[in-house]
Amino acid sequence: MPVSHTKTKSTTSSDTPENGSNKRIFTGIKPSGSPHIGNYLSAIKPCIDLQTQYDTFIFIPDLHALTTVRNAEEMRTNVIDVALDLLALGLDPQKATFFRQSDLPEHSELSWILSCITPFGVMERAHAWKDSLANHLKDPTVGLFTYPVLMAADILLYQSDLVPVGKDQKQHVEIARDIAIKFNGLFGETFKLPTEMTPPEVATIIGTDGQHKMSKSYNNTLQLFADSATLKRQIMGIPTDSTPLESPKNPDTDAVFKLYSYLATPAELANLRDRYLAGGFGYGDAKKLLLAKFEEYFGPAREKRIELANDLGYLEDILKEGAGKARITAQKTLATVKKAVGLVF
Ligand code: ADP
Ligand code: TRP
């Protein structure tokens, strides 16, 4: 996994993509707890892998995190943590524009304008909102209800083409596209229409309970930066069936095999499949292999993160500089929008 980048600063400050690509890829990783391999494979990795090919924007949606985080210190720590995570995983601020949402008031301003043309029923039909209600969320707020509008503002403000997200966020990108179509129809061509980027093989990464999607809220995650003891506990605790050690095992119904498949090479996976089918190979052995694979895969990033955490001033500089770059596009789009709706004289 590529993790190297230097501490030199980018000097580019225009709306022109630094790598010459005319396609913009855009995603956000909410500062609401340690990232897990579900977040990594569906949202973080695609952006990092494509940062040299596409004009890439990655941001930290801290305004979105306000729907759940109610403590200033926790919010500040979460933002620093997610920034360190992304940089350690290989986000290169020289190549991608990396910034924090709350540094740009343009997100909130566009969100209000879009909320005035978004039908109430569309918000009511959003899966994430319906799930929150179905799960008897104690304190459903207006912010949570209109969350998809703010997300649409994030995406449309940067005239994004592709938005890497997991399956649970796919509908929100569709909503952003619908809002863009409606706005363009009412006020003239203003926004590019974004498309979600959700490769089926990583759309829903299974959790360590082997049943639900991996999620912080289900407490079934493999956290990328957990300490070794926690990681070991998480992997050794994955439930398996009661097939005896000597008998053949079905790799296709086993969560350990599934989780290994996300990180292994095709040859390593074929090898593990053969061992399952041959018998005489226990689930404990498979878990040890998964643990070793995880440490091999994320080891360099885990070390890099420790190094980066020693210089938080550098981190703040990167985010401020990223905000400066993002602002150029954000202000340009917002000016066009305000003119289109008649808020500029
Ligand atoms: P969580 O459900 O753990 O709170 P987030 O809501 O912070 O995760 O999601 C951040 C990104 O990771 C989103 O694009 C989301 O779709 C993606 N994601 C979250 N969980 C999974 C999963 N189990 N499989 C694939 N993608 C996921
Ligand atoms: N809603 C996303 C999540 O919960 C985070 C997010 C906010 C986002 N704005 C975005 C993702 C824009 C992609 C594009 O994970």
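Predicted, not measured: the structure shown is a model, and the values here were computed from it. Just follow the structure's listing: the first ligand is 1, and inside any ligand the first atom is 1.
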Notebook entry, point to check: Is it true that Asp227 and Arg233 make a salt bridge, defined as a side-chain N closer than 4.0 Å to a carboxylate O?
Noted result: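 A salt bridge is absent here (no side-chain N lies under 4.0 Å from a carboxylate O).
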Checklist line | Lys213/Asp168 ion pair, N-O < 4.0 Å | finding: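 A salt bridge is present here (some side-chain N lies under 4.0 Å from a carboxylate O).
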Looking only at distances, please establish whether an N/O atom of ligand 1 is found under 3.5 Å from an N/O atom of [X].
{"X": "Ser42", "value": "yes"}
{"X": "Gly166", "value": "yes"}
{"X": "Ser217", "value": "no"}
{"X": "Ile205", "value": "yes"}

Check: Is there side-chain contact between Phe294 and Ile37, with at least one heavy-atom pair below 4.5 Å?
Finding: yes
Show the atoms of ligand 2 that are less than 4.0 angstrom away from any heavy atom in [X].
{"X": "Phe26", "result": "12 (C), 14 (C)"}
{"X": "Phe59", "result": "9 (N), 10 (C), 12 (C)"}
{"X": "Val163", "result": "13 (C), 14 (C)"}

Notebook entry, point to check: Under the criterion side-chain contact (heavy atoms from CB on, under 4.5 Å), which of His107, Arg327, Glu109 is the partner of Leu334?
Noted result: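 Single pass found, and it is Glu109.
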Next item on the list: Give a yes or no answer on whether the side chain of Gln101 reaches the backbone of Asp62 with a donor-acceptor pair at less than 3.5 Å.
Entry: yes
Next item on the list: Could you tell me the residue and atom name of the protein heavy atom closest to atom 3 (O) of ligand 1, and the distance to it rounded to 0.1 Å?
Entry: His36 NE2, 2.7 Å
Check: For atom 2 (O) of ligand 1, what is the nearest protein heavy atom, given as residue, atom name and distance?
Finding: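 Going atom by atom, the protein heavy atom closest to atom 2 (O) of ligand 1 ends up being Ser215 OG, 3.0 Å.
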Check: Relative to Phe99, does Lys325 satisfy both conditions: NZ or CZ under 6.0 angstrom from the six-membered ring centre, and within 45 degrees of the ring's axis?
Finding: no
Next item on the list: Answer yes if Phe183 and Ile181 sit in the same cluster of Ile, Leu, Val, Met, Phe, Trp and Tyr residues linked by side chain heavy atoms under 4.5 Å apart, and no otherwise.
Entry: no
For ligand 1, which part of [X] has a heavy atom less than 4.0 Å away: the side chain, the backbone, both, or neither?
{"X": "Ala43", "answer": "side chain"}
{"X": "Asn39", "answer": "both"}
{"X": "Ala203", "answer": "backbone"}

For [X], atoms of ligand 1 separated by under 4.0 Å from a heavy atom:
{"X": "Val202", "result": "25 (C)"}
{"X": "Val165", "result": "14 (O)"}
{"X": "Met214", "result": "20 (N), 21 (C), 22 (C), 23 (N)"}
{"X": "Thr204", "result": "24 (N), 25 (C)"}

Margin query: Just to check, does His172 reach to within less than 4.0 Å of ligand 2 when the distance is taken from its heavy atoms?
Written below: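 Heavy atoms of His172 never come under 4.0 Å of ligand 2.
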Next item on the list: Using a 4.0 Å heavy-atom threshold (strictly under), name the region of Ile155 that reaches ligand 2: side chain, backbone, both or neither.
Entry: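 Just the side chain.
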